[in-house]
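The structure's right below; bear with me while I get my questions together.
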Amino acid sequence: MSEISSILVIFGGNGDLTKRKLFPALYNLLSQELLLNNFAVVSVSRTKMTDEDYITKMKESIKEFSRFEYDESVFKELKKRVKYISFDFSSDEGYKNLKLELEKLDSIYKTDGRRIYYLAVAPEYFRIIVEKLKLHKMADDSGKYRVVIEKPFGKDLHSARCLNETITEAFSEKNIYRIDHYLGKEMIQNIMVLRFANFFIESLWSNKYIDNVQISALETVGVENRGGYYDSAGALKDMVQNHILQLLTLVAMEPPVRLDTESIRDEKLKVLKSLMELTPEYIKDNVVRGQYDEGYINGVKVPKYRDEYRVKHNSNTETYVALKLFVNNYRWDGVPFYIRTGKRTNRKLTEVVIQFKNMPKILYYNENKNIVPNVLVIKIQPDEGIYFQFNAKEPGSVSQIIPVKMDFCHSCIFGGNTPESYERLLLDSLKGDSTLFTRWDEVEYSWKFVDAISTLWLNESIDFPNYKAGSIGPKEAENLIKRDNREWWSR
Ligand SMILES: NC(=O)c1ccc[n+]([C@@H]2O[C@H](COP(=O)([O-])OP(=O)(O)OC[C@H]3O[C@@H](n4cnc5c(N)ncnc54)[C@H](OP(=O)(O)O)[C@@H]3O)[C@@H](O)[C@H]2O)c1
């Protein structure tokens, strides 16, 4: 393992992400003795407060959100390494002070000028912060500086390109860490292991044996306090452009030549390049959008999307997307990938379903016309695990065949307290491993795919809302798959 020797500078140190994810992740890493001696944190935000006030706030967050029980001795270790500085992101004076402070910390922690700038801020601040870091000679190509950028990376291909140009003026590609927190999830990292460490699985992983692939990311929650951002993004840009297409690349990629960062990213990119071209006619027939109406979740009445906080009352932003796509390469030719993601549905679940082809309609099929196809399900959240469904004889009966499962329950074997995505991603960025972060060309091709849909939608009217909160989603999403004589897999 490479040694950590760097100062982590969190822009947006007083924000929600820092409180709920970053500080609890730092605490969890310290609890496991994964952060070594040459390490300190400097948090930057607008609100004026002392170091003591700041760290007291973070202590409360750690108590609330950390996965390990609070331990005063671990917290003290963290506390002595934390400094809080307040200034407006546009203030040159602020960056000068920050630079001085960092130089002082360098000599205490022997970090030799190495920095990781974590931009835990709204996207409109990405550009100004990077420009100021460059102006004040706090970023260059020497390899000492890394930048971690939160999603969304742009709001379309054009804005993403502009943002990327600004960032690459200050940081080289290998020092840019674009976060997609899905990639930090245990079961998502397990997809490559499942495929490339199991002979029988990888042997069956192609259009020869697979009938279709389904990727679902469904939530029961609405937009919560993110209405302002979400209303300008929608499910397509918030979920499909990043999380779902990344998940799809891991399912569809070829084996990389090596397990190093660039070899893996090269294979993921090839999948994105192989995504079918979306014509307006295809989109109209094969991409469904929805927006939730009022309804009931677990017996509690919830408002419609248009009544959510900071959402426009006549908003046409989609809270649900379902689509069918094809990966046009040798392995996947002819295999449909069905994708669905939505808020306020009747279940919380993220999973990948690999449905194998039907058996020839002879032998047992003659006795039992209901033989179901084999299915491999990768459960990502809330349950983590993998199961394989196959057909077996019902005990005692002469010819009754029923589906049964071989189930790998992740938490039953490894315990439920698996590392949080942000733990893994923070640690990797500190160690300089960018495998679980997205490279620019991956972002670029994802936006190309998504832009084709969002541009068409901009010019087309839609009758929203079209599904009730607490339902399975819009009926068009059911029809999308039913008309191919298939069904969304459900446990
Ligand atoms: N929250 C999450 O769970 C979550 C999850 C995934 C991705 N993200 C992404 O993470 C980023 C941050 O989200 P967030 O929810 O943490 O946002 P947030 O709660 O609004 O926090 C923003 C932070 O930026 C500071 N800030 C804003 N304008 C400033 C300025 N002009 N000068 C100095 N400081 C300024 C605020 O400081 P003050 O409070 O001192 O004013 C605050 O600390 C966003 O890109 C978001 O999309 C967030």
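When a ligand or atom number is given, it counts from 1 through the structure's own listing order.
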*asked:* As an exercise, identify every atom of ligand 1 less than 4.0 angstrom from a heavy atom of D88.
replied: 30 (C), 31 (N), 32 (N), 33 (C)

*Hey, can you tell me if F89 and F87 have their rings parallel, tilted or perpendicular (30° and 60° cut-offs)?*
perpendicular

_Going by a strict under-4.0 Å cutoff (protein heavy atoms only), does atom 20 (O) of ligand 1 have a neighbour on the protein?_
no

*With a 4.5 Å heavy-atom cut-off, do Y125 and F11 have their side chains touching?*
no

*Are any of the side-chain heavy atoms of F437 and I179 separated by less than 4.5 Å?*
yes

*In the protein, what heavy atom is nearest to atom 36 (C) of ligand 1, and what distance, to one decimal place, separates them?*
S45 OG, 4.0 Å

*Which of the numbered atoms in ligand 1 are below 4.0 angstrom from a heavy atom of V121?*
11 (C), 12 (C), 44 (C), 45 (O)

*Only heavy atoms count here, so choose which of Y422, F126, F89 is nearest to atom 34 (N) of ligand 1.*
F89

*Can you check side-chain hydrogen bond (donor to acceptor under 3.5 Å, both in side chains) on R178 and N164, steps first, answer last?*
CA-CA 11 Å; R178 299 176 194 82; N164 200 51; 2.8 Å; yes

*Is R20 close to ligand 1, meaning an N/O of one under 3.5 Å from an N/O of the other?*
yes

*Evaluate salt bridge (Lys or Arg N to Asp or Glu O under 4.0 Å) for K79 paired with E52, printing each intermediate quantity in order.*
CA-CA 9 Å; K79 179 180 172 170; E52 194 59 37; 3.3 Å; yes

*asked:* If the cut-off is 4.0 Å to any non-hydrogen atom of F87, which atoms of ligand 1 fall inside it?
replied: 32 (N), 33 (C)

*asked:* Could you tell me, atom by atom, which parts of ligand 1 come under 4.0 Å of a heavy atom of K151?
replied: 9 (C), 45 (O), 46 (C), 47 (O)

*asked:* Given E150, H181, E224, identify the one with the heavy atom nearest to atom 10 (O) of ligand 1.
replied: E150

*Quick one: nearest non-hydrogen protein atom to atom 16 (O) of ligand 1, plus distance?*
L17 N, 2.8 Å

_With heavy-atom distances below 4.0 Å as the criterion, list the atoms of ligand 1 near T47._
38 (P), 39 (O), 40 (O), 41 (O)

*Distance under 6.0 Å and angle within 45° of the ring axis: does K151 meet both against F153?*
no

*Min side-chain heavy-atom separation Y70-Y27 under 4.5 Å*: yes

_G12: numbered ligand 1 atoms lying under 4.0 Å from its heavy atoms_ = 23 (C), 24 (O), 43 (O)

*asked:* Counting non-hydrogen protein atoms only, what is the nearest one to atom 15 (O) of ligand 1? Give residue, atom name and distance.
replied: D16 CB, 3.5 Å

*Among all protein non-hydrogen atoms, which one is nearest to atom 27 (C) of ligand 1, and what is the separation to 0.1 Å?*
R46 NH2, 3.4 Å

_Within the 4.0 Å heavy-atom shell around N14, which atoms of ligand 1 are there?_
38 (P), 39 (O), 40 (O), 43 (O)

_Give the atom numbers and elements of ligand 1 that come within less than 4.0 Å of a heavy atom of A120._
11 (C), 12 (C)

*Look at ligand 1 and say whether F11 reaches it with a heavy atom at a distance under 4.0 Å.*
no

*Check disulfide (SG to SG under 2.5 Å) between C409 and all other residues, then give those that pass, not counting sequence neighbours.*
C412

*asked:* Assess the residue pair K312 and D231 against the criterion (salt bridge (Lys or Arg N to Asp or Glu O under 4.0 Å)); give the C-alpha distance rounded to whole Å, side-chain angles, the decisive distance to 0.1 Å, and a yes or no.
replied: CA-CA 7 Å; K312 288 196 283 305; D231 206 36; 3.4 Å; yes

*asked:* Over 60° means perpendicular and under 30° means parallel, so tell me whether Y117 and F171 are parallel, tilted or perpendicular.
replied: perpendicular

